[in-house]
K.L.:
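Structure in structure tokens, see below.
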Amino acid sequence: MWKAAQAVLRTPAIPLPLRRSMSTSALLFQKAATLTVTPTTGLADELLDIKVEGLRPRERVTLRASAVSYRGRLFHSLAHCEADGRGGLDLARDPAALGGDFTGVEPLGLLWSLTPVGSEDPCFNQMPRGVMKSPLKVEVKGPNIGVIGSGKGAELAFSMASFLPNIAAVVSINGCISNTTTALTCGRFILPGLPFNLDKISAMDSGVYDVKEALADPLDPAYRESRIPLEKANAHFLVIVGEDDRHWKSSVYADLAVKHLTEHGKTDFTLLSYPNAGHRIDAPYSPFFSVSLDPVLGVPVLGGGQLKAHAVAQIESWKKILEFLHLHLG
């Protein structure tokens with residue numbers, strides 16, 4: 001989680017009701033100038049009201065945010081802004097049109113534009129791990145269950161819907177239609193892992209690896225047994241795709257999933273596709289990482305995506321996820 005510095009962000013490991021707290025301090029040249037952020041505590045998808053009062057009319061200022069991740073890594077962001085005719089500044093109203101890490105009216109741009117400082121390692125995202133050591137307590141109402149999975153987790157969400165009862169709603173974020181890497185066992189069912197071809201991994205001069213072409217083709221007859229039997233599922237599906245996912249071919253896998261469901265007479269699915277979004281579509285206003293450490297390969301790999309487009313995908317998809325879960329779980 002985040003700790004200390006000018007902005008503090010605390011976020012659990014998975015996108016269930018997230019909470020965030022933020023404290024701020026500012027160095028302003030005028031004694032009368034004040035920076036306020038409200039609310040001081042709220043849900044992660046709740047907009048913050050960031051305002052500055054007491055500036056000179058049309059004065060140009062720079063707002064900065066800094067944070068330390070749970071791994072101790074320092075992140076920062078900044079926005080160059082201009083006060084209005086009264087000497088006030090409101091990030092929910094006034095565009096950061098003078099430059100910085102984002103432009104336009106972006107109430108929480110200082111959060112989603114946070115990037116590692118200087119030589120800080122950019123290959124690790126800041127989302128906390130260790131959920132098994134510190135379990136999250138969730139209260140699921142009624143007999144039905146909703147599941148959200150991203151990447152490898154999306155495969156598990158698909159598999160749960162295919163093999164387990166009472167799975168009524170599944171959100172798949174940039175997942176594959178086959179079980180990958182290692183075998184998955186559920187009772188008497190065993191799905192072999194779709195392998196990676198290491199010969200198709202390319203290294204960049206930066207030391208980052210491009211693995212998009214490495215995963216074997218799910219439609220290859222040799223790996224038929226790895227396919228997740230979605231036709232067995234009775235769940236509603238929300239399939240979310242980042243079109244610039246560089247981890248693997250999420251758009252292709254999503255199209256195959258939709259085609260497979262349609263061929264089996266199932267229409268209870270929705271596909272959302274976001275241009276220029278990458279692999280890790282996290283909770284809204286989460287900082288963007290185009291590179292991450294792959295837990296299987298143990299090396300930094302490209303995740304893809306562009307900063308602003310990825311931020312939009314995180315914000316908009318979260319709204320759709322909540323609507324979807326409320327609709328099918330009550």
K.L.:
Distance from Y223 atom OH to L215 atom CG, nearest 0.5 Å?
P.N.:
9.5 Å
K.L.:
How far does OG1 of T270 sit from CZ of F237, to the nearest 0.5 angstrom?
P.N.:
11.5 Å
K.L.:
What's the verdict on side chain to side chain contact (heavy atoms under 4.5 Å, CB included) for D49 and V37, showing C-alpha distance, side-chain angles and the deciding distance?
P.N.:
CA-CA 6 Å; D49 191 11; V37 179; over 6 Å; no
K.L.:
Considering only heavy atoms from C-beta outward, does the side chain of L89 approach that of V61 to under 4.5 Å?
P.N.:
yes
K.L.:
Fit a plane to each ring of F288 and H310, take the angle between them on a 0 to 90° scale, and name the class: parallel (under 30°), tilted (30 to 60°) or perpendicular (over 60°).
P.N.:
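Rings of F288 and H310: tilted, 30 to 60°.
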K.L.:
Is there a side-chain contact between L307 and T115 in this structure, where contact means two heavy atoms from C-beta onward sitting under 4.5 Å apart?
P.N.:
no
K.L.:
With a 4.5 Å cut-off on side-chain heavy-atom distances among I, L, V, M, F, W and Y, is there a chain of contacts connecting L238 to L327?
P.N.:
no
K.L.:
Apply side chain to side chain contact (heavy atoms under 4.5 Å, CB included) to the pair H279 and V301, showing each step before the final yes or no.
P.N.:
CA-CA 11 Å; H279 184 67; V301 300; over 6 Å; no
K.L.:
Just by modelled atom types, is the P284 backbone N or O under 3.5 Å from a matching donor or acceptor in the D45 side chain?
P.N.:
no
K.L.:
Can L297 be reached from F289 by stepping across I, L, V, M, F, W or Y side chains whose heavy atoms are under 4.5 Å apart?
P.N.:
no
K.L.:
Rounded to the nearest 0.5 Å, how far does CG of L219 lie from CG of L256?
P.N.:
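The CG atom of L219 is 5.0 Å from CG of L256, to the nearest 0.5 Å.
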K.L.:
Give the cluster check for V211 versus M204: same hydrophobic cluster or not, with ILVMFWY residues linked at side-chain heavy-atom distances below 4.5 Å.
P.N.:
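The answer is no; the residues belong to distinct hydrophobic clusters.
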K.L.:
What is the minimum heavy-atom distance between L78 and R64, and which atoms define it?
P.N.:
CD2-NH1, 3.3 Å
K.L.:
Taking atom CG as the centre, does N234 end up with more than 12 heavy-atom neighbours from other residues, nucleotides or ligands that are less than 6.0 angstrom away?
P.N.:
no
K.L.:
Would you call the rings of H260 and H264 parallel, tilted or perpendicular, taking 30° and 60° as the class edges?
P.N.:
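Aromatic pair H260/H264 classed tilted.
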K.L.:
Determine whether I148 and L325 satisfy the following criterion, side chain to side chain contact (heavy atoms under 4.5 Å, CB included), listing intermediate values before the conclusion.
P.N.:
CA-CA 10 Å; I148 303 174; L325 295 178; 4.0 Å; yes
K.L.:
Does any non-hydrogen side-chain atom of N144 lie less than 4.5 Å from one of H328?
P.N.:
no
K.L.:
Could you check whether any side-chain heavy atom of L156 comes within less than 4.5 Å of a side-chain heavy atom of V147, counting everything from C-beta outward?
P.N.:
no
K.L.:
Treating K212 as the side-chain partner and G304 as the backbone partner, does any N or O pair qualify as donor plus acceptor under 3.5 Å?
P.N.:
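No, the answer is negative, given that no donor and acceptor are paired below the 3.5 Å cut-off.
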K.L.:
Considering all heavy atoms of both residues, which atom of L35 and which atom of V52 are nearest to each other, and what is their separation?
P.N.:
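Looking at all heavy atoms of both residues, the shortest contact is CD1-CG2, 3.5 Å.
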K.L.:
Distance check, rounded to the nearest 0.5 Å: F75 atom CZ versus L111 atom CG?
P.N.:
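Those atoms lie 13.0 Å apart.
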K.L.:
Under the criterion side chain to side chain donor-acceptor pair (under 3.5 Å), I'd like the reasoning laid out for E243 against S273: C-alpha separation, chi angles, the key distance, then a yes or no.
P.N.:
CA-CA 6 Å; E243 294 180 10; S273 190; 2.7 Å; yes
K.L.:
Would you indicate whether the side-chain heavy atoms of I240 and Y274 approach each other to under 4.5 Å?
P.N.:
yes
K.L.:
Does atom CZ of R224 have more than 12 heavy-atom neighbours from other groups under 6.0 Å away?
P.N.:
no
K.L.:
Within this structure, what is the SG-CG distance for the pair C186 and L191, rounded to the nearest 0.5 Å?
P.N.:
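Between atom SG of C186 and atom CG of L191 there are 9.0 Å.
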K.L.:
Passes side chain to side chain donor-acceptor pair (under 3.5 Å), D245 versus S250? Steps please.
P.N.:
CA-CA 7 Å; D245 185 355; S250 293; 2.4 Å; yes
K.L.:
Parallel, tilted or perpendicular: which describes the rings of F196 and W248, with under 30° parallel and over 60° perpendicular?
P.N.:
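If you compare the ring of F196 with that of W248, the planes turn out parallel.
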K.L.:
So, do L48 and Y285 sit near enough that their side-chain heavy atoms are less than 4.5 Å apart?
P.N.:
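No, side chains not in contact.
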K.L.:
Pair T62, C81 - check side chain to side chain contact (heavy atoms under 4.5 Å, CB included), show working.
P.N.:
CA-CA 6 Å; T62 296; C81 306; over 6 Å; no
K.L.:
Would you say V312 ends up clustered with V241 if hydrophobic residues are merged whenever their side chains have heavy atoms under 4.5 Å apart, either directly or through other cluster members?
P.N.:
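No; V312 is not reachable from V241 via cluster members.
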K.L.:
Which atom names give the shortest non-hydrogen contact between V208 and L302, and what distance separates them?
P.N.:
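Nearest heavy atoms, V208 then L302: CG1-N, 3.7 Å.
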K.L.:
Please examine the side chains of L293 and P300, heavy atoms only from C-beta on, and report whether any two atoms are closer than 4.5 Å.
P.N.:
yes
K.L.:
Tell me if a side-chain donor or acceptor on T185 pairs with a main-chain N or O of I190 at a distance below 3.5 Å.
P.N.:
no
K.L.:
Please find the pair of heavy atoms, one from A203 and one from Y209, that lie closest to each other, and give the distance.
P.N.:
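The answer is CB-CE2, 3.6 Å.
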K.L.:
Examine distances only and state if a side-chain atom of N276 and a backbone atom of Q306 form a donor-acceptor pair shorter than 3.5 Å.
P.N.:
no
K.L.:
Could you give the side-chain donor-acceptor pairs of residues 159-173 under 3.5 Å, partners two or more places apart or in another chain?
P.N.:
unit_1	atom_1	unit_2	atom_2	d
S159	OG	E155	O	2.9
S162	OG	F158	O	2.9
S162	OG	P229	O	3.2

K.L.:
Got a second to check how far I177's CD1 is from L230's CG, nearest 0.5 Å?
P.N.:
7.5 Å
K.L.:
If two hydrophobic side chains count as joined below 4.5 Å and joins carry through other members, does I315 share a cluster with L110?
P.N.:
yes
K.L.:
Tell me if a side-chain donor or acceptor on N179 pairs with a main-chain N or O of T182 at a distance below 3.5 Å.
P.N.:
yes
K.L.:
Do you know the tightest heavy-atom contact between L108 and E46?
P.N.:
CD1-O, 4.0 Å
K.L.:
Is the closest basic N to carboxylate O distance between R280 and D282 below 4.0 Å?
P.N.:
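Between D282 and R280 there is a salt bridge, with a charged N closer than 4.0 Å to a carboxylate O.
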K.L.:
Write down the atom of L194, the atom of S178, and the distance for their closest heavy-atom approach.
P.N.:
CD2-CB, 4.0 Å
K.L.:
Got a sec, which pairs hit salt bridge (Lys or Arg N to Asp or Glu O under 4.0 Å) with one end in residues 295-309, sequence neighbours left out?
P.N.:
E106-K308
K.L.:
Do T262 and F269 touch side chain to side chain, with heavy atoms closer than 4.5 Å?
P.N.:
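T262 vs F269: side chains touch.
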